[in-house]
Asks: 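Structure below; questions to follow.
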Amino acid sequence: MAPTITDSQAHDFKAHYDCAHRTSLQDDETDDAYVKKITRYSDGTVKLRNSNIELMDQDILYHLALGSESHDLQEMFGDVKFACMGGTPKRMENFAHFIMNEIGYKLPAGTQLQDISAYSYRYSMYKVGPVLCVSHGMGTPSVSILMHEMIKLMYHAKCKDPVFIRIGTCGGIGVDGGTVIITEDALDGQLRNSHEFTILGETIHRPAKLDKKLARELKSLSSADDPYDTIIGKTLCTNDFYEGQGRLDGAFCEFSENDKMAYLEKLRENGVVNIEMESTIFAALTHHAGIKAAVVCVALLNRLNGDQVNAPKEVMHEWQQRPQILVSRYIRKVLTHNGQLKNLFGHQGSIKSPRRFKLVQQESQAHE
Ligand SMILES: O=P(O)(O)O[C@H]1O[C@H](CO)[C@@H](O)[C@H]1O
Ligand SMILES: O=c1cc[nH]c(=O)[nH]1
């Protein structure tokens, strides 16, 4: 049944809508406190900024092949603490297997990981205890649809203070392929720290804010033993991989190599260290929902040296594991801190890897 919206709910909607226009006038702290107030219940569970949903008999999360009536979402997802997302289904399936080993999670006997959203034929979703691993496709429209449904999923499931992390790939600016980059600020094609939406024919901007503390915490989990650099910097989010990222090798190119290099230099002068295609929408919608979020990508090339992604497949496969390793350290740290990683030492996989073992030792000492 379609929801009926009362005047007071419409007023509520308008207040929230006005807030989206107003945020640039507010200082960050007021904005953060306001967002927190309207996006959390007192027990930390996610509160939606859309009262229409409560009035609906059921909410179908169409692109996830889930629904609030057809599935017991609280039973299925109520324990989720981390929602990790990345472009491809295969990367997220690999991450699900990787994190399962890293946190010592054991599936019930006789079962194996399954793609929960397989029948959507859109996104893939795997659940490993408190960790959801979801593919988001390419570009901001694809991520936008997923984020609406993921945020509603967190609400229906009554998840407490979930953290969203994008695990991606990017082009580096002045950094070597294989470098791990944590986004400090996500900028749109015009270097604005916001995402532009067209709603009811009107243009609005929502701040593309990520959690700075989380970014620093992730950075602190990089290790001097890692055979690659992990850095923090600004990320440019574009609507295209070719002309939109100043590549000379698309089907069309109406600018010169000099124009391209001048543009990349301008980005560098503005503190931009990488280019990808989802960070502004990811940051804007998580911030609007009061959800702590981070973006961690690995550079597949240094764009100052060229445009083609030509590293060997095996090399790129190894590079793509690097953001996953960093994120898994964070997840293990939080779970250890919360006393939820009790089985770790009993789990063979953890004892086998010296680096992982060292980290576990450090963590347990830090919490003694
Ligand atoms: O590696 P993922 O997460 O797919 O992200 C990057 O790769 C895609 C382009 O190849 C874009 O979606 C870009 O953001
Ligand atoms: O150059 C690159 C590489 C990966 N992803 C992008 O969006 N750009």
Asks: Less than 4.0 Å between a side-chain N and a carboxylate O, is that true for Lys266 and Glu269?
Replies: no
Asks: Between Arg268 and Glu265, is there a salt bridge with N-O shorter than 4.0 Å?
Replies: yes
Asks: Counting only heavy atoms not in Gln58, do more than 12 fall under 6.0 Å of its CD?
Replies: yes
Asks: Parallel, tilted or perpendicular: which one describes the rings of Tyr123 and His63, with boundaries at 30° and 60°?
Replies: perpendicular
Asks: Would Asp161 and Lys292 pass as an ion pair if we require N to O under 4.0 Å?
Replies: no
Asks: Mark yes when over 12 heavy atoms from residues, nucleotides or ligands other than Leu113 sit less than 6.0 Å from its CG; otherwise mark no.
Replies: yes
Asks: Report yes if the distance between the aromatic ring centroids of Phe95 and His97 is under 6.0 Å, otherwise no.
Replies: no
Asks: Ignoring hydrogens and angles, tell me if any N or O in the side chain of Lys127 forms a donor-acceptor pair with the backbone of Gly129 under 3.5 Å.
Replies: yes
Asks: With no hydrogens and no angle check, is any side-chain donor or acceptor of Asn302 less than 3.5 Å from a backbone partner on Gly174?
Replies: yes
Asks: Does this structure show an ion pair linking Glu278 with Arg166, if we count only N-O contacts that are shorter than 4.0 Å?
Replies: yes
Asks: Can you name the one residue among Arg192, Lys212, Lys209 that meets salt bridge (charged side-chain N to carboxylate O under 4.0 Å, His left out) with Asp185?
Replies: Lys212
Asks: Between Thr45 and Tyr41, is there a donor-acceptor pair closer than 3.5 Å when you use the side chain of the first and the backbone of the second?
Replies: no
Asks: Is it true that a side-chain atom of Ser142 and a backbone atom of His136 form a donor plus acceptor pair closer than 3.5 Å?
Replies: yes
Asks: Has Ser117 got a side-chain atom pairing as donor or acceptor with Ser120's backbone, closer than 3.5 angstrom?
Replies: no
Asks: Does Asp115 reach the main-chain N or O of Met125 with its side chain, forming a donor-acceptor pair under 3.5 Å?
Replies: yes
Asks: With a 4.0 Å cut-off on N to O distance, would you call Glu196 and Arg206 a salt bridge?
Replies: no
Asks: Are the side chains of Val80 and Met154 in touch, meaning some heavy atoms are under 4.5 Å apart?
Replies: yes
